[in-house]
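Data first, discussion second: the structure below is written as structure tokens.
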Amino acid sequence: MFLWIIQRDLLLAMRRRSDVLTTLFFFVIVVSLFPLGVGPEMAMLRIMAPGVVWVAALLASMLSLGRMFASDHLDGTLEQMLLSPQSLPLLVLGKALAHWLVTGVPLVLMAPVLGIQYDLPGDALLVLTASLLLGTPVLSLIGAIGAALTLGLRGGGVLVSLLVLPLYIPVLIFGAGAVEASTAGLGAGAHMSLLGAFLLASLVLAPWTAALSLRISME
Amino acid sequence: MIPLFSIAAILLCAAGLYIGFFVAPTDFQQGEAYRIIFIHVPAAWMSMFLYVVMAMWSGIGLAFNTRLSSMIATAIAPTGAMFTFLALWTGALWGKPMWGTWWVWDARLTSELILLFLYIGFMSLQAAIDDPRRADKAGAMIALVGVVNIPIIYFSVKWWNTLHQGASVSITQSPKMATTMLTGMLIMSLACWMYAIAVVLIRTRAVILERERHTVWVGELQGAAR
């Protein structure tokens with residue numbers, strides 16, 4: 001059932017490829033805007049790069065949250081899922097994972113290219129990609145809670161950002177911090193461990209919370 | 001209850017301010033500017049404490065499906081947000097002469113700012129949902145999720161080496177400040193307590209009346225008022 005959900009969501013995403021690409025291009029455009037805004041000085045860009053890439057990843061991941069449950073809610077599939085005897089947190093975990101595969105993984109793959117644009121050295125690129133790999137699933141998992149709570153509300157898109165962005169801040173701090181620590185020669189180990197801890201904690205807690213929120217929103 | 005707490009709040013506030021401005025000595029390091037702690041510290045305490053209380057009432061409302069506890073949580077949120085804003089604002093006013101800057105991005109300031117965002121998120125989520133029961137429950141979820149931030153604020157000065165100084169007052173050790181200053185601060189925090197209780201009770205009453213406006217007893221109250 002769990003795999004089936006992932007398969008189904010991936011299939012749906014493949015049928016509507018433009019949605020996936022929109023998110024990815026949004027990420028690329030936001031990151032590319034910064035050098036135009038603050039000026040193309042390489043020394044400054046190198047310092048800013050991890051923060052800019054991470055903030056853009058946060059926004060891109062958040063923008064696509066609306067799709068996580070909305071279309072299923074509209075055509076009634078979500079109601080069937082809630083009625084089904086399967087465990088709802090597991091279903092939510094499947095949906096969050098599919099969301100990550102569709103939006104998070106392309107961001108991770110794209111990040112090294114954008115890092116090169118910002119003239120990051122090789123090992124910093126590696127740390128940036130690794131930190132995004134650990135951090136973006138957390139974004140999808142926490143985002144599932146926000147998406148579930150704002151399901152079917154008017155102005156849900158703006159509201160979800162207000163709810164979810166404060167919760168994203170720790171991931172942003174330690175994700176961007178990992179790259180800064182490694183370029184400063186401190187080693188990214190501590191930051192990476194914390195990101196891993198966030199991932200494990202949100203893997204356990206977020207599906208359960210999001211499932212409860214879905215029940216609240218659907219009753 | 002409400003007049004009692006209101007009067008207590010006014011009296012304690014007057015006493016606290018009197019001690020704060022006229023009795024407490026000038027600090028030899030910080031000069032007169034330290035006097036902002038008489039409002040800054042109580043406001044910061046209240047901002048964290050009210051969030052915990054709000055999350056607790058939300059949790060009770062969610063677990064036992066009681067309507068009144070959710071209403072209290074709704075009533076607490078604006079007061080909590082007000083105290084959070086006050087703590088940030090007075091902190092900025094103090095930071096300018098002491099640190100030479102209105103704002104620094106250190107752990108305690110940032111986490112207190114996140115707390116303000118959480119309050120705002122809670123209130124706007126509840127405002128966006130028309131069905132009051134769903135609003136209560138959805139708000140409760142977000143309040144409970146956000147409660148992880150409270151220990152982060154509280155321990156931020158210990159966990160990270162920050163510009164914001166560590167706690168000057170604790171239960172286990174003797175305070176690191178003059179007694180008159182401490183008395184003034186504690187009286188001010190009592191005043192903030194009384195104010196918060198009074199305002200929350202008033203707002204809860206308003207919430208109850210608003211939600212029950214179609215019932216007979218509210219109609220009778222209105223009739224009696226006329």
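In what follows, chains carry the letters A, B, and so on, assigned in the order in which the sequence lines appear, proteins first and then strands, with residues in each chain numbered from 1.
Between B:L86 and B:M46, every side-chain heavy-atom pair lies at or beyond the 4.5 Å cut-off.
Note on B:L125, B:D131, B:L118: by heavy-atom pairs under 4.5 Å with chain A, the leading option is B:L125. Most heavy-atom pairs under 4.5 Å with chain A, from the set B:L113, B:I120, B:D130, B:T110: that is B:D130.
Ring-centre distance between B:W89 and B:F85: below the 6.0 Å cut-off.
Between B:R67 and B:D136 there is no salt bridge, since no side-chain N of the basic residue sits under 4.0 Å from a carboxylate O of the acidic one.
Within 6.0 Å of atom CD in A:E41, 12 or fewer heavy atoms from other residues, nucleotides or ligands are found, so the atom counts as exposed in its surroundings.
With a 4.5 Å cut-off on non-hydrogen atoms, A:I169 touches chain B through its side chain but not through its backbone. In this structure, chain A has no heavy atom under 4.5 Å from any part of B:L144. In this structure, the portions of A:I216 lying under 4.5 Å from any heavy atom of chain B include both its backbone and its side chain. Using a 4.5 Å cut-off between heavy atoms, A:S217 contacts chain B through both its backbone and its side chain.
Judged purely by distance below 3.5 Å, without hydrogens or angles, the side chains of A:T103 and A:R67 never pair a donor atom with an acceptor atom.
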